[in-house]
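Everything on this sheet refers to the single structure shown next.
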Amino acid sequence: MKPELIDQHIVAMTAASTNLLRQMQDEGLDYSLDVRPADTATMHVSVRDLTPDIEDRIRRCLLGTGMQIAVREA
């Protein structure tokens with residue numbers, strides 16, 4: 001993939017994922033998103049105070065993005 005397309009993909013997937021997680025953020029979810037240029041197929045989500053329930057909700061929210069979801073405690 002061309003470098004400029006990789007950058008556009010990262011921006012688009014980050015924006016889409018942020019929009020999908022907006023309700024959880026409004027409920028107090030403290031998280032960050034990261035798509036790495038070397039692995040643009042995975043959305044890395046770092047969450048403060050991660051619980052199994054929150055991880056499940058995040059995975060369900062991001063299910064339709066077509067990306068792998070890696071969730072970890074921040």
Side-chain angles (χ1 to χ4, degrees):
M1 187 182 292
K2 294 180 181 180
E4 61 271 13
L5 293 178
I6 291 172
D7 292 341
Q8 290 174 4
H9 173 75
I10 290 171
V11 169
M13 294 312 299
T14 301
S17 297
T18 298
N19 287 335
L20 290 169
L21 293 172
R22 188 163 320 280
Q23 180 177 344
M24 291 182 70
Q25 184 178 19
D26 290 347
E27 294 172 8
L29 181 67
D30 186 7
Y31 72 97
S32 64
L33 300 174
D34 183 32
V35 179
R36 300 174 183 152
D39 180 16
T40 59
T42 304
M43 174 63 67
H44 298 270
V45 185
S46 299
V47 182
R48 181 179 297 237
D49 301 323
L50 181 64
T51 66
D53 181 53
I54 291 173
E55 181 174 354
D56 183 57
R57 285 184 65 195
I58 289 169
R59 290 184 183 283
R60 283 186 281 129
C61 280
L62 300 179
L63 183 64
T65 63
M67 298 187 72
Q68 296 292 321
I69 309 300
V71 182
R72 68 176 181 88
E73 173 74 30

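All values derive from a computational prediction rather than experimental measurement.
- Atom CG of Asp34 is separated from atom OG of Ser17 by 11.5 Å, given to the nearest 0.5 angstrom.
- With sequence neighbours excluded, no residue forms a side chain to side chain donor-acceptor pair (under 3.5 Å) with His9.
- Looking at Asp56 and Arg60, a side-chain N of the basic residue comes within less than 4.0 Å of a carboxylate O on the acidic one, giving a salt bridge.
- Asp49 is linked by a side chain to side chain donor-acceptor pair (under 3.5 Å) to nothing, counting only residues two or more places apart in sequence or in another chain.
- The cluster map of Ile, Leu, Val, Met, Phe, Trp and Tyr, joined by side-chain heavy atoms under 4.5 Å apart, puts Leu33 and Ile6 in the same cluster.
- By the side chain to side chain donor-acceptor pair (under 3.5 Å) test, Thr42 is found to be paired with Asp39, residues two or more places apart in sequence or in another chain being considered.
- Rounding to the nearest 0.5 Å gives a distance of 11.5 Å between SG of Cys61 and CG of Asn19.
- Looking at Gln68 and Met43, their side chains never come closer than 4.5 Å, going by heavy atoms from C-beta outward.
- Donor-acceptor pairing under 3.5 Å is lacking for the side chains of Glu4 and Gln8.
- Taking Arg59 as the reference, Glu55 meet the salt bridge (charged side-chain N to carboxylate O under 4.0 Å, His left out) condition, with sequence neighbours excluded.
- Counting only residues at least two apart or on different chains, no salt bridge (charged side-chain N to carboxylate O under 4.0 Å, His left out) pair has a member in residues 65-74.
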**Working for side chain to side chain contact (heavy atoms under 4.5 Å, CB included), residues Ile54 and Met24** = CA-CA 9 Å; Ile54 291 173; Met24 291 182 70; 4.0 Å; yes
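- With a 4.5 Å cut-off on side-chain heavy atoms, Met67 and Val35 count as touching.
- Hydrophobic clustering of Ile, Leu, Val, Met, Phe, Trp and Tyr side chains at less than 4.5 Å, counting indirect connections, keeps Leu5 apart from Val11.
- To the nearest 0.5 Å, atom CE of residue Met13 and atom CG of residue Leu62 are 8.5 Å apart.
- For the side chain to side chain donor-acceptor pair (under 3.5 Å) test, no residue two or more places apart in sequence or in another chain qualifies with Gln25.
- You'll find the side chain of Val47 reaches within 4.5 Å of the side chain of Ile58, heavy atoms only.
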**Request:** Take Arg22 and Glu27 through the test salt bridge (Lys or Arg N to Asp or Glu O under 4.0 Å) and record every step on the way to the result.
**Result:** CA-CA 9 Å; Arg22 188 163 320 280; Glu27 294 172 8; over 6 Å; no
